[in-house]
Structures are given as structure tokens and as C-alpha cells.
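Working notes, structure below.
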Amino acid sequence: MYAKRFLSLAFLALAVLVSACTNYKEPAQAAITQAETALDAISVDAQKYLPDKYKEVQDAIDAAKASFEKNDYKGALAAAKDLPAKVSELGTEVKAAKEQAIAALTDSWNSMSGDLPKMVDAIQSRVDMLSKSKKLPKGLDQATFDAAKSGLDEMKNMWNAAQQSFSSGNVEDAVAKAKSVQAKGSEIMASLGMQTAPKT
Amino acid sequence: MEDQSKSTGSGADNPYAQYHVVKKGDTLSKIAQEYYGDAQLYPQIFEANRDILKDPNKIQVGQKLRIP
């Protein structure tokens, strides 16, 4: 009689426990899945613009998953319940950081796109003059001059590529290419004995 | 900052334009020899500085000449 009652109570307790676990399990799973899906959607930009904050959120998701995998659904839910909001907040911050970065890149582009064609013109002018010369000036040999001429062609091609990148909306690539053009131009100017620092 | 508004041609608004400040004993031929290795190219320097030079044989110490 007692044994039967004891078993009934034990069964009831187990049922309550299972029920309680089930009550935590589904919302925990849902919160983790929602957070993971949302984080996946912004992961590329988040890792690029706010890597530390991305890692912080990723670690929080991992911690919630670890609890879940240990069947600690209550702990998992406690860890996961704020995750969707954190990911959403991260998304907002990433968007702002990206806009700020793009604005800075656009400023760089605007500055370089005004200057670099002038740099090309200055080098072209000197190359044209040296090409008319019967003899190269002291300190400049033929091999260096030939390298400067081919470097100038390369510079023009790079500049065209940078402009194409900008036209297609890839500001980051355009600025990277423009910086290469600038570096190449400085190298050529130095090799021709020209002053490389732009006058302000 | 020295006023470069009197520089010639495209050099006036080109931050990469090249200049030579005339020193004692300079002539356009010497300057052409220095920058191009060919004194015969001095007329090119003269033409690039027509706004400040009236005579290729008359340059003054301190003048800032654009070197194409």
C-alpha cells in the first residue's frame, strides 16, 4: 500500500520535473535558434566592423547552447532569453559602424580621386620631357626611366580599375586600389627625382 | 605658405607640380640640364613659365619656376 503510494508520488514528481524541463526546453531552444539565425545574418559585417562585440554575443550563444546540451534547460533559457535582443542591438551597432566606415572611405576616395589624376599628369609631364631629352639627367639611368614609364602605364590601369570599383559601389576596394595607385605614383616620382609630397 | 597662384598652366592647381627656385648662377639651360639631362630643352621650361618670364635669358634669384 505504502509502496504503491510512494511509487505514485515518485511518478508524479517525475512527471512534474519532466513537465518543468519541457517548459524550459522549448523556449530555450527557440531563443537560441532565433539568436543564431539573426547572428548568422549579420556575421560578416559584425566580424568586420565590431569583432569584439560579435565575439561577445557569439560566446553568449555558445554558453546557452552548452547549458542546453547538458540538459540544463532552465540555465539555457536564462542564458538565452536576452540573446535575440542582444543580437538585434548588435545589428543596429554594426549598421551604424558600417555606415561610418563607408563615409570615411568615401571621404578618402573623394580626396584621392581629386589628387591622383594630377599626380598622373605630373609624372606624365616629366616622362614626356625626359623622352625628348638626348641624355638622361645625372642620377637617372635608362633602366630606371624605362621602369618609370611602364610603372606609369600600370598606374593608369590601376586607376581605371579603382574608378570601376567605385562606380560599381565597392568603395572599399576602390580606396584600396587608389592607395596602391598613390604608392606606385610616389615610387615613380622618387625614381625620377621628383618631389613626392603634394604641396598643400 | 608661398603663394603659387602665379604658377603656370596646369601646375597652378596641381599639388604634384614640380618647381625649382632659382639660385645664383642658374640659367634655364642649366636648369634643363639638371632636370632633363639636356640643356637644349630650356625652351620648354620657359614656355611653362611664360606668365612670370618675359625673356628666357632673364631669370631672377628666388623665382619659383615650374618644371614640366
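So you know, we letter chains A, B, ... as the sequences are listed, proteins then strands, and number each from 1. These numbers were taken from a predicted model, which means no experiment stands behind them.
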Atom [atom1] of [X] with >12 non-hydrogen neighbours under 6.0 angstrom:
X        : atom1 : result
A:Lys156 : NZ    : yes
A:Gln47  : CD    : yes
A:Lys149 : NZ    : yes

Next on the checklist: A:Met129 and side-chain contact (heavy atoms from CB on, under 4.5 Å): which single residue from B:Ile45, B:Leu41, B:Ile67 fits?
Outcome noted: B:Leu41

Distance (rounded to the nearest 0.5 Å) between [X] [atom1] and [Y] [atom2]:
X        : Y        : atom1 : atom2 : answer
A:Arg126 : B:Tyr35  : CZ    : OH    : 7.5 Å
B:Gln40  : A:Lys134 : CD    : NZ    : 5.5 Å
B:Tyr36  : A:Leu136 : OH    : CG    : 13.0 Å

Item to check | Any donor-acceptor pair under 3.5 Å from A:Lys118 side chain to B:Asp13 backbone | outcome: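 Between the backbone of B:Asp13 and the side chain of A:Lys118 there is a qualifying donor-acceptor contact (under 3.5 Å).
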
Checklist entry - Can you tell me if B:Gln18 uses its side chain to pair, donor with acceptor, with the backbone of A:Ala122 under 3.5 Å? => result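 Answer holds: no.
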
Next on the checklist: Tell me every residue that passes salt bridge (charged side-chain N to carboxylate O under 4.0 Å, His left out) with A:Lys86, counting only those two or more places apart in sequence or in another chain.
Outcome noted: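 None.
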
Item to check | Residue selection (most heavy-atom pairs with chain B, distance under 4.5 Å) from A:Ser125, A:Gly193, A:Ser133, A:Gly139 | outcome: A:Ser133

Checklist entry - Among A:Lys135, A:Lys138, A:Met189, A:Gln124, which has the most heavy-atom pairs under 4.5 Å with chain B? => result A:Lys135

Item to check | Student check: side-chain heavy atoms of B:Tyr16 and A:Asp121 closer than 4.5 Å | outcome: no

Next on the checklist: Quick check on the hydrophobic clustering: are A:Tyr54 and A:Val44 connected, directly or via other members, by side-chain heavy-atom contacts under 4.5 Å?
Outcome noted: no

